[in-house]
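Input: a single structure, listed below in C-alpha cells.
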Amino acid sequence: MNDQPQISRPDSTNSAATSSFAEPGVPHIHTLNVRGMQALYVKEVRRFFKVQLQTIWAPAITTLLFLVIFTVALGGAGRTVIGVPFADFIAPGLIMMAMLQNSFANSSFSLLVGKIQGTIVDYLMPPLAVGELIIALIGAAITRAILVGCALWLAMLLWPGVHVIPDHLWAVAVFGVLGASMLGFLGLITSVWAEKFDHAAAVTNFVVTPLALLSGTFYSVDKLAPWFQTIAHGNPVYYAIMGFRYGFIGTVDSTIANPVLTAVLALVAVNIVLGLLTYRLLVSGWKLKA
C-alpha cells in the first residue's frame with residue numbers, strides 16, 4: 001500500500017482558476033480605474049468635510065474680515081479702482097485667494113500625513129496608476145476650493161455695499177478651476193518633498209502667501225511702477241486672480257494685449273509643467289518608497 005502523498009496534476013479546471021489571476025507585476029486592470037479614483041476622491045473629500053468648520057467655514061470668515069477691514073479703511077468716500085467701486089474690485093480677488101490657499105492646503109496634507117503616520121501605503125498599494133492618483137487628489141483639492149469659494153461668495157452676496165454677481169460665468173468657472181488645480185499641483189509636490197508639517201508650513205508662508213498677496217488682490221497692477229508690473233506679470237497667481245475678477249466685473253487691470261486669453265494660456269502652461277513634475281516625482285517614488 002502506497003502511503004506517499006498524491007500530487008495532483010493541474011487539470012483544465014485548475015488551469016482556468018489560476019489563469020483568472022494576473023501574474024505578479026502584471027496589470028490586471030487594463031482600462032481607466034474609475035472606481036478606484038472615485039473611492040480615493042470620496043475619501044479625500046470626506047476627510048476635509050468631517051472638519052468643515054475648520055476647512056471651509058473658518059477660511060471663509062477669515063477672508064470676509066479682510067473685505068470688512070479694507071473696505072472700511074480704504075474703500076470710503078466712493079473710491080473706485082479701474083472704474084468699479086473698491087469693494088467690488090477686491091471681493092473677487094479675495095474669493096480667488098481663499099480658493100488658492102485652501103486648494104494648496106488640501107493637496108499638501110494628503111501624502112504628507114501618510115508619510116508621517118506611516119499610512120502612505122494606503123496611497124501606493126491600491127491598483128491606481130500615478131495619473132489616476134493625481135486626478136483623485138487634485139480633484140479633491142479643487143472641490144475644497146470650490147466649496148470655500150461658494151461659502152465666501154454667499155457671505156459677500158449678503159454683505160451690504162458689495163456686488164458679486166458674475167458678468168461672465170464662464171470666466172469664473174475656468175479661472176477658478178485652473179487656479180485651484182495649479183495650487184493643487186504645487187501642494188502635491190510639497191507633500192512629496194516635505195518630511196514634516198513645518199516644511200509644508202514654510203512653503204505656505206514663504207511661497208503661497210507672498211504669491212497671493214502680491215498678485216493684485218488688493219490693488220491695481222497697472223498703477224505700479226514698470227519694474228514691479230514686470231514682476232507681477234511673472235506671477236502665475238496674478239493671472240488667476242485677474243481672470244477670476246474679470247468674470248465678476250467684466251474688466252481687467254492689465255495693459256497686456258488680449259489679457260484674458262493670455263491669462264488662460266499662462267495658467268494652462270503652468271498647470272502642464274506642474275502636472276508633469278508631479279507625475280515624474282510620483283513615478284520615481286522620491287521620498288515615498290524605500
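Quick caveat: nothing in here was measured; it's all calculated off a predicted structure. Only this structure's heavy atoms are used, side chains among them; waters, hydrogens and symmetry mates stay out.
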Passing option when Val208 is tested against Leu100, Val237, Thr190, Leu186 for side-chain contact (heavy atoms from CB on, under 4.5 Å): Leu186
Decide yes or no for [X] and [Y]: does some side-chain heavy atom of the first lie under 4.5 Å from some side-chain heavy atom of the second?
X: Ser191; Y: Leu188; value: yes
X: Phe49; Y: Gln52; value: yes
X: His233; Y: Val221; value: yes
X: Val45; Y: Phe48; value: yes
X: Val81; Y: Asp253; value: no
X: Arg47; Y: Asn106; value: yes
X: Asn102; Y: Thr55; value: no
X: Thr204; Y: Gln101; value: no

In one Ile/Leu/Val/Met/Phe/Trp/Tyr side-chain cluster, 4.5 Å: Leu213, Ile231: yes
At what distance, to the nearest 0.5 angstrom, does [atom1] of [X] lie from [atom2] of [Y]?
X: Ile138; Y: Thr278; atom1: CD1; atom2: OG1; result: 6.5 Å
X: Gln229; Y: Ile256; atom1: CD; atom2: CD1; result: 9.0 Å
X: Ile249; Y: Asp167; atom1: CD1; atom2: CG; result: 8.5 Å
X: Ile134; Y: Leu274; atom1: CD1; atom2: CG; result: 11.0 Å
X: Glu44; Y: Phe109; atom1: CD; atom2: CZ; result: 9.0 Å
X: Ile241; Y: Ile90; atom1: CD1; atom2: CD1; result: 11.5 Å

Donor-acceptor pair, side chain of Glu132 and main chain of Met37, under 3.5 angstrom: no
Pro59 backbone acceptor or donor facing Thr62 side chain under 3.5 Å: no
Heavy atoms of other groups near Lys43 NZ, more than 12 under 6.0 Å: yes
Any residue meeting salt bridge (charged side-chain N to carboxylate O under 4.0 Å, His left out) with Lys287, in chain and number order, not counting sequence neighbours: Glu195
Polar side chain donor-acceptor pair, Tyr41 to Thr143, under 3.5 angstrom: yes
Ring pair (Phe, Tyr, Trp, His ring centres under 6.0 Å) against His199, all qualifying residues, sequence neighbours excluded: Trp193
Geometric class of the Phe66/Phe218 ring pair [parallel <30°, tilted 30-60°, perpendicular >60°]: tilted
Parallel, tilted or perpendicular: ring planes of Tyr246 versus His168, cut at 30 and 60 degrees: parallel
Stepwise side-chain contact (heavy atoms from CB on, under 4.5 Å) check, Ile95 with Thr63: CA-CA 8 Å; Ile95 295 175; Thr63 308; over 6 Å; no
Minimal non-hydrogen separation, Lys115 against Ala194, with atom names: NZ-O, 2.5 Å
Check against side-chain contact (heavy atoms from CB on, under 4.5 Å), Tyr239 and Met242: CA-CA 5 Å; Tyr239 296 104; Met242 183 260 285; 4.2 Å; yes
